[in-house]
Structures are given as structure tokens and as C-alpha cells.
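Take a look at the structure below.
Chain letters run A, B, ... following the sequence lines, proteins first and then strands; every chain starts at 1.
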Amino acid sequence: MDIVMCVAEKPSIADAIAKALAKSTVSTRGGSPRTHEFRGRFGGASCEYRVTSVLGHCFNLDFAPAYRDWDGCDPSELWDAPVVRVPSNGSVLRNLRETAKDCDALVLFLDCDREGEAIAFQVMDVTQSELRPGATVHRAKFSAVTPADIEKAMATLGEPDERLSEAVIARQELDLRVGVAFTRFTTRHFQSKYAGLDARTLSYGPCQTPTLGFVVRREDEIATFEPEPYWFPDAALEVDGAFADATWARGRCFDRSVAAALCRGAAAAGVATVVESTAGTSTKAPPLPFNTVDLLKAASRVLRLSPAMAMKHAEHLYLDGFLSYPRTETNKFPPSMDLRAAIEQQAGDARWGAHAADLLERSAWRRPKRGLDAGDHPPITPTAPAPPGVLNGKAAALYDLVTRRFLASVSEDAAYADQRVAVDLAGERFVVERRALVAPGFLDVLRPHRDDDAGPPLFLELPAVGARPRAKCAAAPREATTRPPERLSEADCVALMEKHGIGTDASIPSHIENVCKRLYVAVDGKSRRLRPTELGTVVCRGFLRVDASLVLPEVRAAIEAACDLIAGGEAPREAVVAHCVANFAAKYAHLAAHVDAMEQLFDAVYAERPEDDASRSAFSRCGLTGHYLHLVPRPQRLYDPATKDVVDLPRPGSVAASNGRRCPACRSELLWYGLRDGAGDAAKTATYPLCGACYDAALRRRRRRRGAPTPGDDDGDGGAVGAGRARARAALRALARSWREPPDPRAPTLERRTRRAGRRGYSRRGGPSSSPSSTRPSPPAAPSGRGGAPSSS
DNA sequence: GCAAGGTC
């Protein structure tokens, strides 16, 4: 009897597959990930199934070991440094190999997206040598994890698509090279130049940096906002014997004298003429069920939960069986999903059970027609009842949020009665409107999250057109001032990231968390609004100043578009990667050559901070200058307040002062350098005498030999700091405008390379050639003699 | 110490 191996992307899907395919009792072995064994049918014959899973990617991409050490190479070498696949989890690979032994068929049940396709090829690589000779390999495509969909997938098996996998490998390689090269360069350069810089890493990434850009951009909009006064008439209309506020149809007026003249006329008139008088009904459709980004936005707005915390709770609720899989783009229920059963599950709940029971009793629930089926996982819904007390704290609140949203999504529209009366008062139109809730529909269950409750109708009896109600208007207009936008909320940031394709539903929370961990952004716990820190502002504006395209969201779009070419079979991976790497290497060289423009901003913030100098005390004395040096943390280094020189110290390890003993070579005071050896309780700290000056000099010699820049060696800027700060302030003012200005023409751009590529005669297959203003890269040159992008000429 | 993408 044949043995058939199925591999899913996560244990829960392996469980579902086993449940759907088993024709006998299922025996489960192994811890994480587990393997299910049972009898079933495959290709019309009886077979033995082994169903197991991986845990996401089996391999991670990294540089070859020689390039992982920060001091091992110059960051510019990373553009063509070798990269290698590193297994991400040994037990997953072992399990795959053991399970694959003697199997006659491999069915790849990975998620049906690009990443899943890449994992499918990893699984093939790992299992290939263990499968029986001549074993067949199949790709299962499922749109929902239900028995029906799984059986359908088994009946319509296809082949894995290597182009999708290649696109993922290209994306991994580009993210690695770009992120690590830029991060090492900025970290090294600025850390060894500014002692006031209190951050371990100055990171750059094609997702995290545009995310930071969103936050800084909003802050700049607020900072450069110029409030403008405006005026409007303060009018009221008599309605059923009482006066009600009337809204001026034109809204507001920025010319005070015009508004004043208008008010004088209206005040003198005293009587208005009804020109429009209508009553009607309107409805509001219920919200769609949650996909991941909608859940993150609501959790931040309603529960004050960060996206990372929201995902953490959602994952736990999923693993405990209370919620469906929380990472999905889909907000349309699959036709196979039993909505009635899901509603019934909630009918006994003390909080929303009455609403659910009412829907069932009247058969009033319905399957929403709108929404997107992204083909990944169903919307996020409750999968088991959780009566009050079963869950606690934020997990309970998140379950409440998801369940109410689910019930709302299958509920009826809310219905309103609307009244609208428009009048003419001294030649100007004013409006009185009222909306009253008639039938709450889905709003009933969204309480307490609903915000648009409305009172009773305003007009007991609508006036007729041509009626002449009394009106009053203040003789002087009301004055108000335009207000700047608010800081970016976490929910706004998630929405911007989704809109610009920054990160995925699964990774968006980590990017926001990242910019916070890097001390670039701070979150106000109460309002969940994001504020850039001094460091975040300087880093972002620095990049923006030298090459805006590194910060703007197009940097991610360009990488994605390049990978799309591979996925669509329009260009081979090697050519696309080479094209993009050359592009980013040019940007790197430009940044390194013009880093002084970034330094001017850092100068204003970090070069000279009297409070820093005052709060530190002399730690060690330099033998060459006789100056007392301060110890600066994160990362630990010595700082000479007189010369602004920085002396790098080894990492990891601790340093302590050593009672005036001096280095025999340079006469500097020696330090005690402590390094922990071993792990846990057995760890011992070995202590060595260390000369900071000699260590720093050796480090600089080593970097110079490797061609790395050695910041601080030749700047000689000790006396010019004051002038630098003035320049920096002027630059900061100019920068607030730079979001709107075209990028620096000197900076290498994706557009320029695209045009060059276009001249070589490559364009998108079947589509128009890239326009010069497009940031979408055109397919790069294919290696000669092999199937690549065809020439359009 | 570094990216972003899966998942735990």
C-alpha cells in the first residue's frame, strides 16, 4: 500500500487535513510539529497517510559566516557577499526527513500564497532524498480549511510554481542586503561620531523606515501648519416653536468683511423662506467581519492595544480554540462556512446572546455579499463560546470585540429617519438636518462600541416649501481657526502601511514595534498616537535629505514590483536581483558620499549637549591629551568632552575604572574589562586590564586596512560646531518642506535606472513601456541565451 | 547589534 505524506504550514492545518481525509482512527505522534497517521484513499486506491507540518519557513537567508561580524567587512562589501540558507528549526527538518522515509507521494499543503509556495520548495528540498525513488510531488490548493475544501484540493492537485518561490527568494535577498548594509553603515558612522547618541542601533529597513516616515511626515505637517482664522454666520431657525441651530450651506468664509456683511443682512431679515423640505429614510449597512488589519485598527482604537499585543492575544485565542486563524486578508465568508452554527454558538451568551437568538428566531441573519476573498483564510470569527469569566483581561476584551463584530456583520442594516429643511435667509442658504435611529439592526450588538446614536426627530411637522419661519442671526460672524491634523494614530499608521503595501498582515505589527524598539517612535498609551522621538526625526530627515526615495513608501513598492516580474515569469531571479542590488548599491554610495548632509542634523541634536556633559563624571584619563574621558552607555564608549572624540570599547562586556594604573604603551589610564564566560549559574566573569585608546586605535587600523570608513579620524571639526548648529537649524527649517518637494536630483533613482533599462529595449510583456515618471522597475536584462524578458523591439 | 517573512 502506498504511503502519502502531506505537509502543512502550521500544525492546526495538519490537524484539519487529517480530520478531513481520515477513513480510520488517527494516531498522532511527535510534539512540535506533530504527525498524524491513518488510512485513507489517494488516486482511487487505499493508502496510508502521514500528515505533518512545518512552522512557517524552514530556512532563513543570512550572509556567509565571515560577513556576519560587524568588524569582519565593510558594509559596502555586503552587496556581493555570499548569502547562505540557514535552517530555522532543527526539529522541523528532522521531522520532515523522518516522516518522508519510504513515502510514495508528497502533497504540499502549504498556505496558498507566495510565501507558502517558497516553503513548498523548501519542503521538497528537505524531503527529496528520503522519498522513495520515483515518488510523485503534488501541490494542494485550498481556499478554506474545511473538510469539503480539503477534499476538493485533493481531487484537483496541481504542481508547485517555482516562479513564486523564486520571487520570495529575491525579496529575502534584497531585504537582507539592503537592510544590513545600510544599518551597519549608519550605526557605525553616527555612533562613533556622537557621544550623545543613546541608541544601540540606527537601523534602516525597506519596511521600518517608510513606517517611520509616515510618523515623521505627520509631525512635520503639524509643525509647519499655519492656523488661519475663518468666519461663519451664527444662525438659528424656528422649529415647532423653538429655535434650532442652522448650518450655513457654504461652511466657512476666510474673509471677515464678507462674512460680516452677510451676517448684517441675515440679522436684519428676521424671516427665512423654506426652499426644500424633505423627510425620508436611510440605512447603514453592517461592517464586514474582521480581517487582520481591521482587527488591529479596532483593537488600537477601542481597546488601546498595540498591534503587536493585539496579535499576541489573537494568536493565543486561536491556539486555545476560541478564535479562527488571525492572519488573513479575507473579509468575505467562504460559501462553505456554516454561519448559522457560528451564530448558534453565541446564542447562550449573557452579553450578546439575546441578539444572536433573535437573529436565529426571525431567520433575520444573512450572509454579507460584499467583501474580499483573498484566497487565504476566512475572516476572523469566534470558534467556541467563551462565557464571562472564561477569559480574562485583554484576551477577553479582544474576544468580545471579534464576536460583536462577527454578529454585527451577519445582522440587519440600521435604519434611520431623516429630515432636511433648507431655507433662504437674506440670499444665503441655511440647512437644518436631523437623523433619528428607527431600527438599530447591527448597532444593537456593536454596543458599547457604537458612536452614532441619534435622538428623536426634530420636526414634529415638516414646514411646507415657501413657508416663512422666523430666523435669527447674530450681527457679527462667529470666528474660528483652522486646526492642524492630529498626530498619527496607531490605527492610521496600520491603514497607511496597508495602503502602501508596507509589510503584510502578519508583519505590520512587528514593523511598528520595531520603530518603537529602535527609539525612533514613542506611543502615547492613552491616545495610541505615535510621536517621533528626536532620534527618529533626525534619522528620517537625514535620509530624506540625502535621498528621499529611501524613506518614501515607493522603496518597498519598487522591491515588490521587481519580485512581481519574477513571479509573473517575465524575468529571471538572478537578473532582477542584480538590477536591484546595483540600484541600492548606488544609493548606498550616494549616502556615504553625502553623509555630511545628515551629520548637520545630528550636529544640532547630539554634538553638544551641556546637560549630558554635566551629568557625567570623569571616568578615565587619556595619556595622549591628558583629558578626562566620560563613559557613555549604549553602546559603551569613552567620550572626550573637550575634543568631542569618541573612543570605541569592545562589546560585549563591562568596563570599570582601575585606580590610575597606566598603559605602558600610551600612558592612558587602564580599565578593567569584564567578560562573562559560560552560561547560567556556571557563568564566571573573567576580568582583564584594557587600554581603551590602544583598543580603539587597533580597531581603526583594522577597519582602515579593510577600506571601511573611520568616522572621526579626519573631521577636525572641534571648533566649527557652533557654525554647524546654525547650518543645521536652517536645514531643519528647509526640511519640513521636503516632503512636498521633488527628491534631490543628485540621488540615484529607480526612475533613472528604469529609463536606462528601457533604452536597452526591455519592457513589460504585453504592457506599455514604463513611463519615465513611474517608479516601477522594468524587467532587467536577461542573461544572454536564456529565456528572460523578451525585447519589445 | 543588522532586514523581512513565515509561525510557536
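A:Arg29 is linked by a side-chain hydrogen bond (donor to acceptor under 3.5 Å, both in side chains) to A:Glu37, counting only residues two or more places apart in sequence or in another chain. Residues forming a ring-ring contact (aromatic ring centres under 6.0 Å, His included) with A:His377 (at least two apart in sequence, or on another chain): A:Tyr325. Residues passing the side-chain hydrogen bond (donor to acceptor under 3.5 Å, both in side chains) test with A:Thr187: none are found, sequence neighbours excluded. A search for side-chain hydrogen bond (donor to acceptor under 3.5 Å, both in side chains) contacts involving A:Ser32 returns nothing, not counting sequence neighbours. A:Phe543 meets the ring-ring contact (aromatic ring centres under 6.0 Å, His included) test with A:Tyr204; sequence neighbours excluded. Every side-chain hydrogen bond (donor to acceptor under 3.5 Å, both in side chains) that A:Thr146 has, sequence neighbours left out, goes to A:Asp149.
Looking at heavy-atom distances under 4.0 Å, A:Gly116 makes no contact with the nucleic acid at all. Among the heavy atoms of the strands, none lies under 4.0 Å from A:Arg114. A:Pro11 comes within 4.0 angstrom of sugar-phosphate atoms only, judged by non-hydrogen atoms across all strands, and of no base. Within the 4.0 angstrom heavy-atom criterion, only backbone atoms of the sugar-phosphate kind lie near A:Tyr204; the bases stay farther away. Within the 4.0 angstrom heavy-atom criterion, no nucleotide atom of any strand lies near A:Ser510. Residue contacts for A:Ile119: at a heavy-atom cut-off of 4.0 Å it reaches no nucleic acid atom on any strand shown.
Within residues 309-321 of chain A, the residues approaching DNA chain B are A:Leu319, by heavy-atom distance under 4.0 Å. Within residues 81-90 of chain A, no residue approaches DNA chain B, by heavy-atom distance under 4.0 Å.
A residue-by-residue look at A:Tyr325 and A:Ser203 shows that A:Ser203 has its nearest nucleotide of DNA chain B further toward the 5' end. Comparing A:Gly179 and A:Gly56 along DNA chain B, the residue whose closest nucleotide (by nearest heavy atom) sits nearer the 5' end is A:Gly179.
Interface limits on DNA chain B: the 5'-most and 3'-most nucleotides within less than 4.0 Å of chain A heavy atoms are B:dG1 to B:dC8.
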(request) Begin with the C-alpha distance, continue with both residues' side-chain angles, and end with the deciding distance and a verdict on salt bridge (Lys or Arg N to Asp or Glu O under 4.0 Å) for A:Glu98 and A:Arg94. (result) CA-CA 6 Å; A:Glu98 279 167 21; A:Arg94 261 196 311 280; 5.3 Å; no
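Sequence neighbours left out, the pairs with a member in residues 320-329 of chain A that pass salt bridge (Lys or Arg N to Asp or Glu O under 4.0 Å) are A:Glu315-A:Arg327. Residues in residues 108-122 of chain A take part in these salt bridge (Lys or Arg N to Asp or Glu O under 4.0 Å) pairs, two or more places apart or across chains: A:Lys10-A:Asp111, A:Arg114-A:Asp564, A:Glu115-A:Arg171, A:Glu117-A:Arg139.
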Scan the side chains in residues 306-314 of chain A for donor-acceptor partners under 3.5 Å anywhere in the protein, sequence neighbours excluded, and list what turns up.
unit_1	atom_1	unit_2	atom_2	d
A:Ser306	OG	A:Met309	N	3.1

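The aromatic rings of A:Phe322 and A:Tyr399 stand perpendicular to each other, their planes meeting at an angle above 60°, with 30° marking the opposite boundary.
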